[in-house]
Each structure stands twice: as structure tokens, then as C-alpha cells.
Amino acid sequence: MAVDGEKSKSSAIAQDFVQFALDAGVLRFGEFKTKAGRMSPYFFNSGLFDDGAKIARLAGFYADRLIESGLEFDMIFGPAYKGIPLGATVAAELARRGRNYPFAYNRKEAKAHGEGGNLVGAPLKGRVLIVDDVMSAGTAVRESIAAIEAAGATPHAVAIALDRQEKATENGVDVDHSAVQYVRNQLSLSVIAIATLDDLLSYLSGDAAADLGAHRERVLAYRARYGAS
């Protein structure tokens with residue numbers, strides 16, 4: 001927590017990331033329908049980190065959080081599709097900082113020619129960090145875990161850009177826990193997020209977001225209705 005009004009290192013990273021996501025048009029306010037059918041007052045579309053400068057800076061935020069967390073791992077895995085460029089650029093950024101990790105990713109469909117199979121890159125082994133953008137239902141994580149375990153490696157942790165901290169749905173019904181909580185508590189994987197919904201609300205309460213303050217009440221109302229316990 002912040003002491004004497006000063007932000008902690010992780011909070012500073014989160015606040016800077018929220019500002020970056022807004023500037024890049026990745027984080028938007030309005031009315032958006034989520035995969036769960038909810039009408040959300042904000043939307044985070046990582047596909048709009050769509051040029052070299054943006055994705056390089058995004059990789060820097062992942063690297064900042066991973067280094068700040070002290071997490072130890074042996075290699076990086078990027079699940080298809082959004083996790084592929086994320087995992088690759090995070091691996092490149094960490095290597096630039098003197099932390100060189102092997103990297104692999106999967107195909108949605110197995111290749112029947114050439115090297116075959118549905119895994120590309122370094123052999124999966126040791127403690128594997130899964131890198132993705134957000135976690136809505138945990139489906140991509142479960143698929144990644146299956147692929148990693150099938151290769152004889154250990155699913156170890158997940159790094160994501162934004163934790164929406166909202167209830168997951170199972171068979172169309174809201175449950176008390178979020179997808180992130182499920183992965184942490186039921187699958188026993190660490191989850192590291194660059195920023196959370198709490199960080200977004202903190203940003204909307206600050207001076208930097210004076211022109212966005214009107215959105216805060218709608219985001220608070222959404223959290224009151226759909227926030228995970």
C-alpha cells in the first residue's frame with residue numbers, strides 16, 4: 001500500500017499503464033457487451049496495441065511487473081492467438097534487460113507437415129510462465145496447462161495485462177469467484193497482472209483523470225453488481 005501519499009512501485013506501474021492504455025485507445029469508456037453478455041462501462045482491447053512502439057512499451061510493462069514480483073520461472077509460453085506476440089515481445093524485452101528465456105507458443109490446429117504438431121519454438125520444460133492479455137473464463141489458461149503438462153513441463157504462473165476482478169460465468173451462470181481467483185485457488189498458479197480494476201478506479205479518482213471522472217460512478221456500479229468477492 002502507499003505510504004504517506006506516495007505510490008508503491010507496483011501501484012506506480014499500474015497507474016502508468018492505465019494512462020498508456022487510455023492514450024493508445026486500448027482502454028475506452030462507454031457501453032460495451034462482454035463475452036458474458038454483460039453491459040460494461042469500459043472495454044479493454046489489447047488488439048489495439050497495434051504498432052511497434054505500442055507493443056514494445058506494453059512488453060516493458062510486463063517486464064516491469066515480472067521483475068518487481070520476484071517471480072522465478074524457466075521459460076515463456078504464449079497461447080494462440082493474442083498470447084503469441086505478447087509472449088514473444090515480453091521474452092525479447094526481458095532478454096534486452098539481461099534475462100534471456102526460451103519461448104514457445106501453440107497453434108490452434110496441429111500441423112500435419114514439416115515438423116508437425118501444434119507447438120512451436122523452444123521445447124517446453126521446467127517452470128513455464130503463460131503470457132496473455134486478459135482472463136475472462138480461464139479457457140486459454142486451461143488449454144495452455146494441458147499442453148504444458150502433456151509436454152512434461154510445469155505450468156507455473158500467468159502474466160496478464162488487466163485483471164477485471166469480476167465474477168466468472170459457468171454454464172451461463174455467475175459465480176462468486178473471478179477467473180483469476182479460480183486459476184490462483186483451484187489451479188494453484190500465480191497470476192501477475194500489470195493493473196486491476198481497483199487500479200483503474202484509483203486512476204479515475206486522481207487529478208490526471210479529471211475529464212474522465214464522470215465514468216467512475218458507472219464503473220463503481222458495475223463492480224458492485226459483478227465484482228468478485
Side-chain angles (χ1 to χ4, degrees), residues 1 10-11 13-15 17-18 20-22 26-49 58 61-62 65-66 69 71 77-83 86 129-146 148 155-206 209 212-229:
M1 298 295 292
S10 61
S11 177
I13 292 170
Q15 295 298 299
F17 176 71
V18 171
F20 168 54
L22 285 166
V26 171
L27 178 60
R28 299 179 179 180
F29 296 99
E31 192 169 279
F32 307 93
K33 191 171 185 177
T34 69
K35 287 183 180 179
R38 301 166 184 163
M39 296 310 298
S40 172
Y42 73 99
F43 184 57
F44 182 86
N45 181 6
S46 65
L48 295 177
F49 290 119
L58 173 62
F61 279 107
Y62 275 100
R65 282 293 288 121
L66 287 166
S69 74
L71 179 74
F77 180 80
Y81 289 103
K82 288 184 178 178
L86 291 175
L129 169 69
I130 301 165
V131 177
D132 213 343
D133 58 344
V134 294
M135 196 185 301
S136 298
T139 304
V141 171
R142 286 193 289 268
E143 291 175 351
S144 297
I145 288 172
I148 291 165
H156 183 58
V158 184
I160 57 175
L162 180 68
D163 178 2
R164 289 179 60 100
Q165 296 180 301
E166 68 182 72
K167 296 176 180 178
T169 58
E170 295 180 2
N171 300 317
V173 178
D174 290 348
V175 294
D176 288 337
H177 59 261
S178 70
V180 167
Q181 289 171 329
Y182 175 83
V183 169
R184 281 178 176 149
N185 300 331
Q186 301 302 316
L187 303 183
S188 300
L189 271 66
S190 298
V191 180
I192 295 169
I194 300 172
T196 66
L197 180 57
D198 283 342
D199 294 314
L200 173 55
L201 285 166
S202 178
Y203 178 88
L204 292 174
S205 299
L212 298 173
H215 298 292
R216 184 173 183 273
E217 292 304 317
R218 296 182 65 233
V219 175
L220 279 170
Y222 183 83
R223 169 132 202 199
R225 182 173 182 181
Y226 295 116
S229 57

Novice: Show me, pair by pair, the donor-acceptor contacts under 3.5 angstrom made by side chains of residues 222-229, not counting sequence neighbours?
Specialist:
from	atom 1	to	atom 2	distance (Å)
Y222	OH	R164	NH2	3.4
Y222	OH	E166	OE1	3.2
Y222	OH	E166	OE2	3.0
R223	NH1	Q165	OE1	3.3
R223	NH1	D198	OD1	2.2

Novice: Taking the side chain as every heavy atom from C-beta outward, state whether V191 and V141 have any pair of such atoms under 4.5 Å apart.
Specialist: no

Novice: Examine distances only and state if a side-chain atom of R65 and a backbone atom of I13 form a donor-acceptor pair shorter than 3.5 Å.
Specialist: no

Novice: Do you know which two heavy atoms are closest between M135 and V158, and how far apart they sit?
Specialist: CE-CG1, 3.8 Å

Novice: Please enumerate all residues that pass side chain to side chain donor-acceptor pair (under 3.5 Å) together with E170, with sequence neighbours excluded.
Specialist: H177

Novice: Evaluate the criterion ring-ring contact (aromatic ring centres under 6.0 Å, His included) for residue pair F32 and Y42; output intermediate values, then yes/no.
Specialist: CA-CA 7 Å; F32 307 93; Y42 73 99; 8.5 Å; no

Novice: List in chain and number order the residues that pass salt bridge (Lys or Arg N to Asp or Glu O under 4.0 Å) with K82, two or more places apart in sequence or in another chain; answer none if no residue qualifies.
Specialist: D133

Novice: Which atom names give the shortest non-hydrogen contact between S144 and I130, and what distance separates them?
Specialist: CB-CD1, 3.7 Å

Novice: Can you name the closest pair of heavy atoms from A168 and A179 and give their distance?
Specialist: CB-N, 3.9 Å

Novice: Do F29 and L212 have side chains that get closer than 4.5 Å, going by heavy atoms?
Specialist: yes

Novice: Side chains of I194 and L162: closer than 4.5 Å at any heavy-atom pair?
Specialist: no

Novice: Any side-chain heavy atom of I160 within less than 4.5 Å of one from V134?
Specialist: no

Novice: Do the side chains of L129 and F77 get nearer than 4.5 Å, heavy atoms only?
Specialist: no

Novice: If a pair satisfies side-chain hydrogen bond (donor to acceptor under 3.5 Å, both in side chains) and one of its residues is in residues 182-196, list it, with sequence neighbours excluded.
Specialist: T196-D199

Novice: Which pair of heavy atoms, one from Y62 and one from V131, lies closest together, and at what distance?
Specialist: CE2-CG1, 4.0 Å

Novice: Among all residues two or more places apart in sequence or in another chain, which pass the side-chain contact (heavy atoms from CB on, under 4.5 Å) test with A36?
Specialist: T34, R38, T169

Novice: Grab the two heavy atoms, one from I148 and one from P155, that are nearest each other, plus how far apart they are.
Specialist: CG2-N, 3.6 Å

Novice: Contact between L58 and L86 at the side-chain level, heavy atoms closer than 4.5 Å - yes or no?
Specialist: yes

Novice: Answer yes or no: is there a side-chain heavy-atom contact under 4.5 Å between D176 and Q181?
Specialist: no

Novice: For side chain to side chain contact (heavy atoms under 4.5 Å, CB included), just list the numbers for L27 and F43, CA-CA rounded to whole Å, side-chain angles, deciding distance to a tenth of an Å, and then say yes or no.
Specialist: CA-CA 6 Å; L27 178 60; F43 184 57; over 6 Å; no

Novice: Just jot down the side-chain contact (heavy atoms from CB on, under 4.5 Å) partners of L220, sequence neighbours excluded, or say none.
Specialist: L201, R216, E217

Novice: When the aromatic ring centroids of F17 and Y203 are compared, is their separation below 6.0 Å?
Specialist: no

Novice: Should I192 and L71 count as side-chain neighbours, where that means a heavy-atom distance under 4.5 Å?
Specialist: yes

